[in-house]
Student: 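Sharing a structure, written as structure tokens. Questions coming.
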Amino acid sequence: MADQPTATERFIQGVLPENPVYRQLLGLCPVLAVSNNMKAAVTMAASVTFVLLCANVVTSLIRNLLKPHLRIVVFTLTIATFVTIADRILAAYLYQMSKTLGPYIPLIIVNCIIICRCEVCASKQSVFTAASDAIGQSLGFALALSSIAAIREILGTGMFFELRVLPAAWPDWVIMALPPGAFLTFGVMLAAINWISSNK
Amino acid sequence: MTKKEDRFTTFEKAAGKLNVASSPHLVDTAMTTRSMMIDVLISLAPVILMSVYVFHWYAVKQLLICIASCLAAEALFTRMRNKPFSLLDYSAVITGVIIAMSMPGTAPWFVSVIASFVGIGIGKSVFGGIGMNIFNPAMVGRAFVMIAFAGYLGASGYEDAGSLVDAITQATPMDIFKQSGVVPSLSVLFWGVTNGSLGETSAIACIIGGVYLCIRRTASWEIPLGVILTVAVLGGIQNIVSPDSGWTVLHHLFGGALLFGAFFIATDPVTSPLTPKGKFIFGAGVGAIIMLLRLFSGYPEGVMFAVLLMNALTPLINRWNVPKPLGEH
Amino acid sequence: MMMESRTREIKDSPGMWERIKKNSLVQGWLVLLLALFFGSALASVQLSLGPKIEMNKLNETLSKVPELVLGASRAHEMEAKNQELGIEPMTIEVNKNNKRVLYNVYKTTYNGEINGWVAKTSGQGYAGSIELLLGLDPGMELITGLFILDQKETPGLGNKIVTEQWRKQFINKPTKNRLIVVKDGADAVNEIDAITGATISSKSVSNIMNTAISDLKGQLISGQSSNR
Amino acid sequence: MSYLTDIFLIALGAALINNFVLYYFVGICPFVGVSRRVEMAFGMGCAVTFVITIAAFLCWVITTFILMPGAPLSKWVAGFFVSADVAAGIDLTILSYIVYIFAISSSVQFVEMYVRKFFPVLYSSFGVFLPLITTNCAILFACLTIMSNIVGVDNPADAWDLGRSLTLAIFGGVGFTIAIVIMAGIREDLELCDIPKPFQGVAITLIVGGILAMAFMGFTGVDSGLRNAMIPM
């Protein structure tokens, strides 16, 4: 497997060059849905990290036993289990947050980032590489999610992590907390990233 | 040649064929964007005059803010694309005037500025500028601030007890009706000496300007006709279902932003369908959605949402009503 | 494991082994093993966290109860003194136009004395349903508190129903007359100020409360007597 | 009457007011991915509506009879092994996510087989989208919504029946189709536009999605308006 990227490469690729959100355009549902405040975004990113890390490690451990036609079933089973565990942990320790995130935690099951990483990296490479890949990709996801959440929360409520950063006279842009704000912010951010990377 | 001109000539030819007997001298295939825009400005004059008469300096202030920020936005975004910048097509001015006329007089300055920048930026520039936009830029800006600053623009946007103008201390007729079922007199709605967004109050001013636009063929008459017919029919049905509400068909027609929207906003040739039949369907759709939102939605007025929704459907309407290529009968 | 199966393969008759190997159940042994493993993991998660989650669900309502009955300052005072309110949950069934309506009601007692009721109720708001807790004094004559548990009203307008500033005007309103939402300053005892620009949300809340009060008023007093 | 009103409002809510794509952001991937041509978008929409209905049916049956606390089937089975009290308290909701995702993937498989065998024409028009649908969040989202309306309600009498669940699923699919077809129509027109380079592709799709979401915001409150109109207070 000489042609496969090493652990460090996987990690670095995940954060920026192959950022799952801005570059690969995967997992867009949570990026749009839970990015109206930082707390929700960070919790979401942490849950995705947990699921991706566990799924990648388990997949990598059993990679030699996988039959090609059963591998999707195995991936799905693994991911669904860890998502359930993450969901219960949230409900037990962060009850309000788990109510806020609602169905978007179970929807991690069908988040393409995770199944894509299992397929591309974990089912072919060692546990260590798979883990560093998972962390890199999750970090990239977290960066993207919080960049959008920061803009939406600051413009929408004048606050950041529920702490006031803009003067009290700031008129809240309510639309930023609502669905149109998510689409527009993400669209403009994506264009900005495209513009920056094409100018390099 | 821009897409708008392409579309426009296609439509003009189609329309010319249909109306050859009635008014051939009015079909001006060489009509440029600029002369069209001047027509629109002329037709907006009665509305502007009426709003200045009713709202005094509130109207002047809104107009100045909106036009200035639309021009600034246009200049900024065309510069960012390294395109030649020209104000001579007046399109940004018209967007500014329409945004100003759809605002309540008391809306704070930043709301108008944001509406203008969002309208020009997200409604127009990202689609490639004039003639390319899918959605009506003024309505994109207006809907953005309506959702973002509902507190300033909804019912309360119209009630400023400290103002000098009598009309502004009242709630809008639509709003009073929605909240407490009080029906204003028709003459008040017709002449427009009441509260509301700057340009929407006076039915007669909208009709004069709109008829001028239609006669000049800058706007196609099918769209306002579609809107008005549908609203009349649905309003009539509503009257039959609940006869004691007192809000008659004429109230529906003269109240709120209906006529302003039907004549000046829905008729934008870039964002409406190409064929006469498509235009009529477009108008009818706008009318139907306006009535649905007026009767049931929580927002006081549905014109901007209705226009945006039908703008979104325009490509599909065009698909199903493909204009016949030239030479084919 | 792979090595072992390969040696066995040579020993056994190849035809039969091939057939077994093609069998989907045998091919899926990994899936079954994983399912077993994950199943036990989930079971242990459920056993360890399940009770805690149930507690969270209950506490969400229960933790609000003292404040709704006693008011925020008394509730904090009691908490500071480590005094605890007795809370007894019950379900009240109301027959309305031949329709059964169930209410979750909490009877609060202190030193054996009833000192209030909290009812959980919900209804249609401007966008989606509003779920709220309503505090009432022992005789159900006064409203002692209001808390919005869940709502989907428009951010910036309707969702101001959750603010304490708006909610507190309900406190000490008599239940004798229906609450009425007015737009220009409430003066009468049963009038409530609407939130600017969100009259529908304001009306929804007071209507939900009116319905709950009129449904429960007779029921609770009689229910109370039957409990004795 | 009130049941029909309920069904009507669930349908309207799922299709327009709280549109799956434009309000809940589920099914965004096909919304930006498979919306280049109107025919393709319509095919995708039909496929999703088809699968979502079957998945919702399975989900409702499984949740009501097996998964929810005190579900009849699991109570009956467990009755053979443990005492009746323990059997009545059996709660399998922890398995729900796993069960749903397998219900979805097997209904996709089933639909694919069935359509290929009996409707070859239909299969050639939207069969290619079927495998993609397993990871379409709209379907899992519909199942989760149905579940929260069965398990999450305080009052057992309020739990959704099959009719309500299927209505949500079908009209959720219809709402998805509406959104994706409108988007495809616009994107066909966008090809003629001189879109700034950084905005080309997904970015402009998201901006258009934002304006569409804005337009759909106009419907907020229509459901409560209609409810009040139909059921006088």
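In the text below, chain A, chain B and the rest are named by the order of the sequence lines, each starting its count at 1.
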Student: Which heavy atom of Gly27(D) sits nearest to which heavy atom of Cys29(A), and what is that distance?
Tutor: N-SG, 4.0 Å
Student: Mind checking the CG-CD1 spacing from Leu107(A) to Ile139(D)? Nearest 0.5 Å is all I need.
Tutor: 11.5 Å
Student: Considering non-hydrogen atoms only, spot the tightest contact between Ala80(A) and Ile98(D) and give its length.
Tutor: CB-CG1, 3.6 Å
Student: Roughly how far, to the nearest 0.5 Å, is CG of Leu28(A) from CG of Leu206(D)?
Tutor: 7.0 Å
Student: Hey, mind stepping through Ile94(D) and Arg88(A) against side chain to side chain contact (heavy atoms under 4.5 Å, CB included) and telling me if it holds?
Tutor: CA-CA 8 Å; Ile94(D) 192 155; Arg88(A) 295 294 145 139; 4.1 Å; yes
Student: Please determine whether the number of non-hydrogen atoms from other residues, nucleotides or ligands lying under 6.0 Å from atom OH of Tyr93(A) exceeds 12.
Tutor: no
Student: Does the side chain to side chain contact (heavy atoms under 4.5 Å, CB included) test come out yes or no for Ile175(A) and Met214(D), once each step is laid out?
Tutor: CA-CA 9 Å; Ile175(A) 194 172; Met214(D) 241 151 63; 3.8 Å; yes
Student: Taking all atoms of both residues into account, what is the closest heavy-atom pair of Pro198(D) and Ala191(A), and its distance?
Tutor: CB-O, 3.3 Å
Student: Counting only heavy atoms not in Lys99(A), do more than 12 sit closer than 6.0 Å to its NZ atom?
Tutor: yes
Student: Taking the side chain as every heavy atom from C-beta outward, state whether Leu178(A) and Met217(D) have any atom pair closer than 4.5 Å.
Tutor: yes
Student: Less than 4.5 Å to any heavy atom of chain D: does that hold for the side chain of Leu25(A), its backbone, both, or neither?
Tutor: side chain
Student: Any chance you could measure Ser105(D), atom OG, to Ile72(A), atom CD1, to the nearest 0.5 Å?
Tutor: 10.0 Å
Student: Report the residue from Val83(A), Thr76(A), Ile79(A) that forms a side-chain contact (heavy atoms from CB on, under 4.5 Å) with Ile101(D).
Tutor: Thr76(A)
Student: Taking everything shown except Phe102(D) itself, do over 12 heavy atoms lie less than 6.0 Å from its CZ?
Tutor: yes
Student: From Ser96(D) OG over to Asp87(A) CG, what is the distance, rounded to the nearest 0.5 angstrom?
Tutor: 8.0 Å
Student: Considering residues, nucleotides and ligands other than Gln109(D), do more than 12 of their heavy atoms fall under 6.0 Å from its CD?
Tutor: no
Student: Gly210(D) and Pro180(A): which non-hydrogen atoms are nearest, and at how many Å?
Tutor: O-CB, 3.6 Å
Student: Side chain from CB out, backbone as N, CA, C, O: work out which of these in Ser198(A) comes under 4.5 Å of a heavy atom of chain D, or both, or neither.
Tutor: neither
Student: Using heavy-atom distances under 4.5 Å, tell me whether Val32(D) contacts chain A through its side chain, its backbone, both, or neither.
Tutor: side chain
Student: Over all heavy atoms of both residues, which pair between Val188(A) and Phe199(D) is shortest? Give the atoms and the distance, please.
Tutor: CA-CE2, 4.5 Å
Student: Examine whether an atom of Ala192(A) lies under 4.5 Å from a heavy atom of chain D, and if so say whether it belongs to the side chain, the backbone or both; otherwise answer neither.
Tutor: neither
Student: Using ring-ring contact (aromatic ring centres under 6.0 Å, His included), reason through Phe183(A) and Phe25(D) one step at a time and then give a plain yes or no.
Tutor: CA-CA 9 Å; Phe183(A) 280 108; Phe25(D) 311 105; 5.4 Å; yes
Student: Kindly give the heavy-atom pair with the smallest separation between Leu140(D) and Val110(A), and that separation in Å.
Tutor: CD2-CG2, 4.1 Å
Student: Based on non-hydrogen pairs under 4.5 Å, which of Cys29(D), Gly33(D), Gly201(D), Gly209(D) is most in contact with chain A?
Tutor: Gly209(D)
